[in-house]
Number of protein chains: 2
Amino acid sequence: MYREKEKRHQAILDLVDRTNLSSQEILRKMLKTIGLEVTQATLSRDLKELHVVKTIGEDGEYKYAIMEEISGFQIASCDISGNLLVLHTDPGMAQAVAFRVDALGLAGILGTVAGDDTLLVVVAEGYDSRKVRKDLWQGVQK
Amino acid sequence: MYREKEKRHQAILDLVDRTNLSSQEILRKMLKTIGLEVTQATLSRDLKELHVVKTIGEDGEYKYAIMEEISGFQIASCDISGNLLVLHTDPGMAQAVAFRVDALGLAGILGTVAGDDTLLVVVAEGYDSRKVRKDLWQGVQK
DNA sequence: ACAATTTATGTATATTTATACAAAACTGAA
DNA sequence: TTCAGTTTTGTATAAATATACATAAATTGT
C-alpha cells in the first residue's frame with residue numbers, strides 16, 4: 001500500500017496544478033473519479049506533506065496551490081555526473097520537485113526518479129547535461 | 001475607522017513576518033496586546049485581502065506567511081521619475097509590497113506610500129534612483 | 001516466517017476558518 | 001446636517017481542516 005500513497009501524491013500535485021481546487025472535499029471527489037479513494041483526513045495529511053497550501057487566486061477565490069519555493073528555491077543543489085543530474089532538495093521535497101521537472105517536458109530529459117530529498121534526472125543521449133541543467137533551472141524558476 | 005483597518009493590516013503583516021502564527025486565534029490575541037481588538041472573522045477577511053496563507057514551516061508545523069509572489073513577482077512594473085520610483089502591483093497588493101520594501105531598510109529609501117495597486121518610493125537625496133531600484137528589486141526577490 | 005517497529009489510514013471529533021446576515025461606521029453630495 | 005450609498009465589523013453559524021486514537025498494512029531484522 002506504500003505505493004498507493006505515492007501515486008496519490010502525484011495525482012494530487014497534478015490536480016492542484018491543473019485545476020482550481022477550493023477544498024479538500026472537492027479534491028477527494030476528483031481523486032475518486034480516478035479510482036483513488038481516501039478520506040478528507042488523509043488528504044489533509046497529504047497536503048501538509050506536499051506543502052500544498054490554500055491560497056487566494058487571482059480571482060480572489062480560495063485555491064490550493066503548491067508552495068512557490070518548491071519551484072526553484074527548495075532545490076539546494078544540482079550536480080552533474082555524466083548523463084545524470086543529481087538534485088538535492090529540502091527534506092521531503094524531492095517528489096514535488098520531480099513533478100515540476102517532469103511538467104517542463106524538456107526534450108533533453110528522459111525521466112526522473114525521486115527519493116525523499118534527492119532526485120535523479122536522466123539526460124537523454126545526444127544532449128549536453130550542462131545545457132539541460134540550465135534549461136531545467138530556468139524552467140523551474142516559476 | 002477606515003484608518004484602523006490599515007493600521008491593523010500593517011500590524012498583521014508585521015506579526016506574520018516576525019513570529020510563527022499557527023492560527024487566527026493566536027493572531028487575534030497578539031493584536032489585542034497592542035490594542036487592536038477584532039474578532040477572528042475579521043482576521044479571516046484581513047488575511048484573505050493581504051494574501052496571507054497558512055503554510056507549512058521548515059519545522060513541519062503550520063505557520064501563516066505572506067504569499068511568496070508578493071515579494072517580487074507581484075510587482076508589475078517599476079518606473080523612475082526623478083527621485084521617485086513608481087511601482088505598479090497586482091490589485092490590492094501595494095500595501096504588502098510597501099511593507100516588504102520598508103523591511104529592506106535600504107539607506108537610499110526615505111519612505112513609501114502605498115495605494116491599492118500603486119506604490120511610491122521616495123529616493124533619498126544623493127542616491128541614484130536607478131541604483132536604488134536595482135537594490136530594491138534584488139532585495140525583494142526572496 | 002515471525003515478532004517488533006514503523007508507516008498509513010479511517011473514524012470521530014476538536015479545532016480552525018469562512019461567510020450570511022444585520023448593524024454600525026464612514027463617505028460624499030446636496 | 002441629513003440622506004443614500006459604501007465599507008467595515010461582529011454575531012452566529014456553516015464549512016472546512018487538523019488530529020487523537022485505534023487499527024491495519026507494510027517494513028525490518030532475525
Side-chain angles (χ1 to χ4, degrees), chain A residues 1-13 15-16 19-32 34-57 59-67 91-92 94-95 114-117, chain B residues 1-13 15-16 19-32 34-57 59-67 91-92 94-95 114-117:
Chain A
M1 192 186 272
Y2 276 26
R3 290 299 149 71
E4 280 301 301
K5 190 182 176 183
E6 253 182 62
K7 226 188 298 178
R8 192 177 63 243
H9 277 195
Q10 283 304 318
I12 289 173
L13 289 172
L15 284 170
V16 163
T19 67
N20 277 16
L21 301 169
S22 60
S23 78
Q24 298 178 3
E25 192 53 27
I26 291 179
L27 171 58
R28 193 183 64 72
K29 284 172 185 161
M30 287 208 172
L31 287 171
K32 194 174 177 183
I34 49 175
L36 296 170
E37 289 205 47
V38 283
T39 59
Q40 170 269 322
T42 295
L43 294 182
S44 173
R45 291 182 276 242
D46 283 348
L47 295 178
K48 187 176 186 179
E49 276 188 54
L50 294 168
H51 288 218
V52 168
V53 301
K54 195 175 181 181
T55 61
I56 295 97
D59 55 0
E61 294 304 304
Y62 289 102
K63 164 185 192 313
Y64 276 92
I66 300 171
M67 250 163 68
Q95 293 278 340
D116 179 67
D117 62 359
Chain B
M1 194 185 272
Y2 276 28
R3 292 298 150 70
E4 280 303 299
K5 190 181 176 186
E6 252 183 61
K7 227 189 298 179
R8 191 177 65 243
H9 277 196
Q10 283 305 318
I12 289 172
L13 290 171
L15 284 170
V16 164
T19 68
N20 277 17
L21 301 169
S22 61
S23 79
Q24 298 177 2
E25 193 51 28
I26 291 179
L27 171 58
R28 194 182 63 73
K29 284 172 186 161
M30 288 210 170
L31 287 172
K32 195 174 175 183
I34 49 174
L36 294 171
E37 289 205 49
V38 283
T39 60
Q40 171 271 323
T42 295
L43 294 182
S44 173
R45 290 182 278 240
D46 283 348
L47 295 177
K48 187 175 186 180
E49 277 186 55
L50 294 169
H51 287 220
V52 167
V53 302
K54 195 175 181 180
T55 61
I56 296 96
D59 55 359
E61 295 304 305
Y62 289 102
K63 163 184 191 314
Y64 275 91
I66 300 171
M67 250 164 69
Q95 293 277 341
D116 180 68
D117 63 358

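Nothing here was measured: the structure is a model prediction, and the numbers come from that model. Naming: A, B, ... by sequence-line order, numbering from 1 per chain.
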Measure [atom1]/[X] against [atom2]/[N] and give the value in whole Å, please.
X: A:L27; N: D:dT17; atom1: CG; atom2: C1'; value: 13 Å
X: B:L47; N: C:dA18; atom1: CG; atom2: C1'; value: 11 Å
X: A:L36; N: C:dT9; atom1: CG; atom2: P; value: 11 Å
X: B:R8; N: C:dA25; atom1: CZ; atom2: P; value: 15 Å
X: A:K32; N: C:dG10; atom1: NZ; atom2: P; value: 12 Å
X: B:E6; N: C:dC26; atom1: CD; atom2: P; value: 14 Å
X: A:I12; N: C:dA8; atom1: CD1; atom2: P; value: 13 Å
X: B:Y62; N: C:dT17; atom1: OH; atom2: P; value: 11 Å

Problem set entry | Position toward the 5' end of DNA chain D (nearest nucleotide), B:R45 or A:Y64 |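 So the residue in question is B:R45.
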For this session: Work out which heavy atom in A:L31 is nearest to a heavy atom in A:L15; give both atom names and the distance.
Result: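 The answer is CD2-CD1, 3.8 Å.
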Exercise. Which pair of heavy atoms, one from A:S44 and one from B:Y62, lies closest together, and at what distance?
Worked result: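 Of all heavy-atom pairs spanning A:S44 and B:Y62, the closest is O-OH, 4.1 Å.
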May I ask you to say what [X] touches in the nucleic acid, namely base, sugar-phosphate or nothing, with a heavy-atom cut-off under 4.0 Å?
X: A:E37; value: sugar-phosphate
X: B:T39; value: base
X: B:E49; value: nothing

Side chain of [X] - closest among [options]:
X: B:S44; options: D:dA18, C:dT19, D:dT19; value: C:dT19
X: A:T42; options: D:dA18, C:dG10, C:dA18; value: C:dG10
X: A:K5; options: D:dA16, C:dA8, C:dT17; value: C:dA8
X: A:S23; options: C:dG10, D:dA16, C:dA18; value: D:dA16

Problem set entry | Polar pair under 3.5 Å, donor/acceptor by atom type, side chain A:E25, base D:dA15 |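 It does not, because no donor-acceptor pair links the side chain of A:E25 to the base of D:dA15 below 3.5 Å.
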For this session: Measure distances between side-chain N and O atoms of A:Q40 and base N and O atoms of D:dA16, and say whether any donor-acceptor pair falls under 3.5 Å.
Result: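 No pair found.
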Problem set entry | B:K54 side-chain N/O to D:dT17 phosphate OP1/OP2 under 4.0 Å |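 For B:K54, the contact criterion (side-chain N or O under 4.0 Å from OP1 or OP2 of D:dT17) is not met.
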Problem set entry | Flag side-chain contact, heavy atom, 4.5 Å: B:I12 against B:L43 |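 Yes; the side chains approach each other to less than 4.5 Å.
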Problem set entry | Any side-chain heavy-atom pair of A:R45 and A:K48 under 4.5 Å |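 No, too far: nothing below the 4.5 Å cut-off.
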Exercise. Among A:K54, A:Q40, A:K29, which one satisfies side-chain hydrogen bond (donor to acceptor under 3.5 Å, both in side chains) with A:Q24?
Worked result: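 Answer after filtering A:K54, A:Q40, A:K29: A:Q40.
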